[in-house]
Amino acid sequence: MSTDLQIAAARKVCSVNPATGETLREFACATDVDVCGAVNLAQAAQPAWSRLGVSKRIDILREFQRLLHEKKSEVARLITCEAGKPCVEALLTEVLVALDAARFCIQNAYRILREEPVPHGNLAMKTKSGSIFREPYGVIGIISPWNYPFSIPATESLSALVAGNAVVLKPSEFTSLTALKLASLLHEAGVPQDVFQVIVGDGAVGAALLNAKIDKLVFTGSVPTGKRIAQAAAGRLLPVVLELGGKDPMLVLDDADLEVASSGAVWGAFVNAGQACLSVERCYVHRSLYEAFVEACARKAKQLRVGDGSDSETDIGPLIHERQLHDIDVHVEDAKARGVRVLAGGHRLNDLGSNFYAPTVLADVTHEMVIMREETFGPVLPLMAFDTDDEAIRLANDSEYGLGASVWTRDRARGEAVARRMHAGTVMVNDAVSCFGISEAPHGGVQASGVGRTHGRFGLEEMVRSKYIDSDRLPGMKKVWWYGYGAGFARQMEGFLDLQFARGWGRRVKGALSSAGVLRKRKL
Ligand code: NAD
């Protein structure tokens with residue numbers, strides 16, 4: 001086949017501005033050979049990167065942080081252009097999050113990753129000295145989604161890199177340009193080209209990365225893709241972190257501040273046009289506040305300005321593509337057919353372009369509706385009344401997901417008590433979504449929302465294997481538990497166990513006396 005024909009046959013992905021439909025750039029998907037080549041290069045480059053040491057890698061992260069801060073507006077504009085969100089949201093939820101993730105690694109990586117001496121409690125092991133060493137896996141594959149195309153791969157890559165790993169990133173097919181911008185900033189800061197690589201393409205390229213010789217995979221995306229990845233990874237026992245979808249509940253208790261909570265619900269449901277894994281996907285309100293709350297949400301939703309995210313007056317940008325709008329239509333139409341009250345929106349905004357949907361407030365939803373069971377991932381706020389805290393918690397926990405949740409109340413202790421009873425990786429009291437911006441907070445879900453954690457100490461620990469090295473302090477002594485078994489030895493051992501674990505000092509002293517003989521030289 002001629003080269004021209006090969007290119008013609010290559011699969012392509014396109015970066016498109018979702019507000020205008022303008023094609024920003026077309027990319028040929030990486031082939032399986034490209035993917036294996038990238039992983040091989042990463043594998044070859046990683047040992048030198050690891051040997052460089054944490055302090056030098058921190059210096060490079062500091063430079064990355066400086067560069068990103070300097071180019072913050074340029075990066076935010078690119079994200080808006082490719083993913084649609086208002087530019088100010090790109091600054092706050094993407095650039096700021098990445099800057100702060102770098103700050104977390106700069107301040108904490110050395111302390112978290114350094115050798116950790118382990119004191120031994122078992123008397124028999126007192127002659128040994130042990131330490132935990134944290135070693136990089138080698139090559140970490142990262143597969144990321146389009147909804148936070150900069151902050152998600154950046155936070156994961158920074159922790160992988162500072163721990164001494166090489167990274168091969170497969171970004172979403174919709175947001176390749178943003179991923180390439182991340183790569184150019186990292187390279188400019190001093191990360192070697194082969195230590196951080198981006199391979200562009202669709203799901204099949206992600207599958208090829210999974211099959212290549214990576215040492216761990218960090219995947220962020222939908223539950224169905226996450227399940228496919230888990231199955232494939234199981235076949236070769238590849239360790240994976242799975243950050244998957246959510247159906248986050250918001251509970252508004254009877255003592256909540258109605259004005260504050262309704263503003264929180266509107267922002268939590270509509271930020272990034274509802275395309276946030278932690279967005280408010282279902283809202284349960286105490287019956288005493290319900291009608292006023294529903295009315296406040298509808299009033300506030302109607303005031304939001306939908307449009308191109310590059311306009312500084314825009315509150316809500318476009319959805320990423322038609323498939324997303326289709327899913328929202330299915331959920332909203334099902335809810336309408338089952339009798340919800342539509343208090344705001346409930347339809348596309350075709351006058352603005354093909355990807356816009358009106359901020360939608362639906363009252364009187366039930367758990368029979370698909371909108372309360374499946375992730376909608378759009379600007380829709382479904383509301384339902386409850387009578388008691390127990391009922392609210394039962395409704396919140398009636399879901400296969402378990403990513404985030406929120407509780408709204410004037411009584412912090414009450415909010416935290418309810419939070420402890422909710423099935424979720426993170427529960428916020430009196431806020432929603434913003435925990436993603438707390439670099440110290442572990443991020444991840446329970447149940448179908450995933451496995452493992454990113455962000456903070458736990459996120460950093462995911463990027464290393466722990467190795468235990470144990471050194472005997474008395475190398476010239478045969479160990480008491482080696483061969484030399486017999487009735488006398490068994491009695492000594494019983495005494496030794498009594499010395500450590502018997503109740504009462506008398507039995508312990510007796511145990512010490514009968515075990516003393518064990519220190520005699522072993523025959524074998
Ligand atoms: P998606 O699952 O369609 O795609 C995610 C990534 O996986 C993309 O890069 C895609 O190309 C790749 N992919 C697709 N099929 C693959 C395969 N068979 N093997 C390997 N890779 C494959 O998800 P999406 O639509 O990009 O993102 C939206 C979803 O991500 C939502 O469900 C959202 O809740 C979830 N999400 C979760 C978090 C979190 O932290 N838990 C954060 C953001 C988004």
Side-chain angles (χ1 to χ4, degrees), residues 11 13-14 18 27 29-30 32 35 82-83 85 93-94 97 141-156 168-176 178-179 198-212 214 217-233 238 240-248 271-281 319-328 374-378 400-404 424-426 433 435-437 441-455 459 462:
R11 292 193 323 278
V13 292
C14 262
F27 298 87
C29 289
D32 288 6
V35 175
E82 203 178 29
K85 64 191 66 183
T93 64
E94 305 261 17
V97 169
I142 296 180
I143 299 180
S144 55
W146 46 265
N147 62 333
Y148 287 95
F150 192 82
S151 54
I152 289 176
T155 49
E156 294 169 356
V168 178
L169 165 66
K170 207 300 279 176
S172 165
E173 47 274 52
F174 302 108
T175 50
S176 312
T178 304
V198 174
I199 47 166
V200 170
D202 53 14
V205 177
L209 179 60
L210 182 63
N211 291 327
I214 53 172
L217 182 78
V218 180
F219 170 80
T220 309
S222 62
V223 173
T225 313
K227 284 183 177 168
R228 275 199 291 280
I229 286 185
Q231 277 166 358
L238 179 76
V240 286
V241 171
L242 301 172
E243 292 284 7
L244 309 180
K247 189 75 197 167
D248 292 6
V271 63
N272 200 19
Q275 304 165 115
C277 55
L278 291 164
S279 69
V280 172
E281 284 260 333
L319 280 294
I320 190 80
H321 51 55
E322 164 58 32
R323 194 183 68 203
Q324 220 47 53
L325 280 113
H326 171 264
D327 291 353
I328 298 165
E374 290 176 17
E375 190 180 40
T376 309
F377 227 54
E400 65 166 315
Y401 297 95
L403 190 58
T426 304
V433 187
C435 53
F436 192 73
H443 173 66
V446 299
Q447 303 174 167
S449 290
V451 176
R453 293 292 179 265
T454 56
H455 294 207
E462 292 280 6

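Just so you know, residue 1 is the first one in the sequence shown, and it goes up from there. Order of appearance sets the numbers: ligands from 1, and atoms from 1 within every ligand.
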task = Using the side-chain contact (heavy atoms from CB on, under 4.5 Å) rule, take Thr454 and Val218 through it: C-alpha gap first, then chi angles, then the decisive distance, then the call.
result = CA-CA 9 Å; Thr454 56; Val218 180; 4.2 Å; yes
Quick one, Thr426 with Leu403, criterion side-chain contact (heavy atoms from CB on, under 4.5 Å). Give me CA distance, side-chain angles, the key distance, then yes/no. CA-CA 7 Å; Thr426 304; Leu403 190 58; over 6 Å; no
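Of the options Ala208, Gly203, Pro224, the smallest heavy-atom separation from atom 14 (C) of ligand 1 is shown by Gly203. The closest heavy-atom contact to atom 23 (O) of ligand 1, among the options Ser222, Gly445, Gly404, comes from Ser222. Compare Gly221, Cys277, Pro145 by their heavy atoms: the one nearest to atom 35 (C) of ligand 1 is in Gly221. Compare Ser144, Gly206, Gly450 by their heavy atoms: the one nearest to atom 9 (O) of ligand 1 is in Ser144. Selection from Leu169, Thr454, Leu244 by nearest heavy atom to atom 37 (C) of ligand 1 gives Leu244.
In this structure, atom 19 (N) of ligand 1 lies nearest to the protein heavy atom Ala207 N, 3.5 Å. Closest to atom 32 (O) of ligand 1 among all protein heavy atoms lies Glu375 OE1, 2.6 Å. Given atom 18 (N) of ligand 1, the protein heavy atom at minimum distance is Arg228 NE, 3.9 Å. In this structure, atom 40 (O) of ligand 1 lies nearest to the protein heavy atom His443 NE2, 2.7 Å. The protein atom (non-hydrogen) at minimum distance from atom 10 (C) of ligand 1 is Glu173 OE1, 3.5 Å.
At a cut-off of 3.5 Å, with distance as the only test, no side-chain donor of Ser144 or Glu156 sits close to an acceptor on the other residue.
Between Phe436 and His443, the ring-plane angle classifies as perpendicular under the 30° and 60° cut-offs. Taking the six-membered ring where tryptophan is involved, the planes of Trp146 and Phe174 are perpendicular, since the angle between them exceeds 60° and thus also 30°.
In terms of heavy-atom proximity, Val35 sits nearest to Ala212 at CG1-CB, 4.3 Å. Closest of all the heavy-atom pairs between Ile320 and Glu82 is CD1-O, 3.8 Å. Here the closest non-hydrogen pair linking Arg453 and Glu243 is C-OE2, 3.8 Å. Minimum heavy-atom separation, Ala30 to Ile199: CB-CB, 4.3 Å. Annotation for Tyr401 and Gly245: closest pair CD2-O, 3.4 Å, computed over non-hydrogen atoms. Of all the heavy atoms in Leu244 and Gly226, the pair that sits closest is CD2-CA, 3.8 Å.
Counting heavy atoms closer than 4.0 Å to ligand 1, residue Phe219 contributes side-chain atoms (C-beta onward) but none from N, CA, C or O. Looking at Gln275 against ligand 1, nothing comes within 4.0 Å, counting heavy atoms. Here Asn147 has side-chain heavy atoms under 4.0 Å from ligand 1, and that is the only part of it that gets that close. Contacts between Arg323 and ligand 1, counted as non-hydrogen atom pairs separated by less than 4.0 Å, involve the side chain only. With a 4.0 Å heavy-atom cut-off, ligand 1 is reached by no atom of Val205.
Polar contact with ligand 1: absent for Ser449 (N/O pair, distance under 3.5 Å). Polar contact with ligand 1: absent for Ile143 (N/O pair, distance under 3.5 Å). Between Thr225 and ligand 1, at least one pair of N/O atoms sits closer than 3.5 Å. For the pair Phe377 and ligand 1, the shortest N or O to N or O distance does not fall below 3.5 Å. Looking at Thr220 next to ligand 1, no N or O pair under 3.5 Å apart turns up.
Near Leu403, with a cut-off below 4.0 Å to any heavy atom, the atoms of ligand 1 are 41 (N). Within ligand 1, counting atoms from 1 as listed, the ones closer than 4.0 Å to a heavy atom of Ile152 are 42 (C), 43 (C). Atoms of ligand 1 lying under 4.0 Å from at least one heavy atom of Pro171, given by number and element, are 9 (O). Ligand-side atoms of ligand 1 in range of Trp146: 24 (P), 25 (O), 26 (O), 27 (O), range being under 4.0 angstrom from any heavy atom. For ligand 1, the atoms lying closer than 4.0 Å to a non-hydrogen atom of Ser172 are 9 (O).
Of the protein's heavy atoms, at least one falls inside 4.0 Å of atom 7 (O) of ligand 1.
The main-chain N or O of Asp248 is never found under 3.5 Å from a side-chain atom of Glu281 such that the two would form a donor-acceptor pair. Gln275 places no side-chain N or O within 3.5 Å of a backbone atom of Phe377 that could act as its donor or acceptor partner. Counting only distance, with no hydrogens or angles, the side chain of Glu94 and the backbone of Phe150 share a donor-acceptor pair below 3.5 Å.
Remark: Lys170 is not positioned above the aromatic ring of Phe219, lacking an NZ or CZ atom under 6.0 angstrom from the ring centre and at most 45 degrees off the axis.
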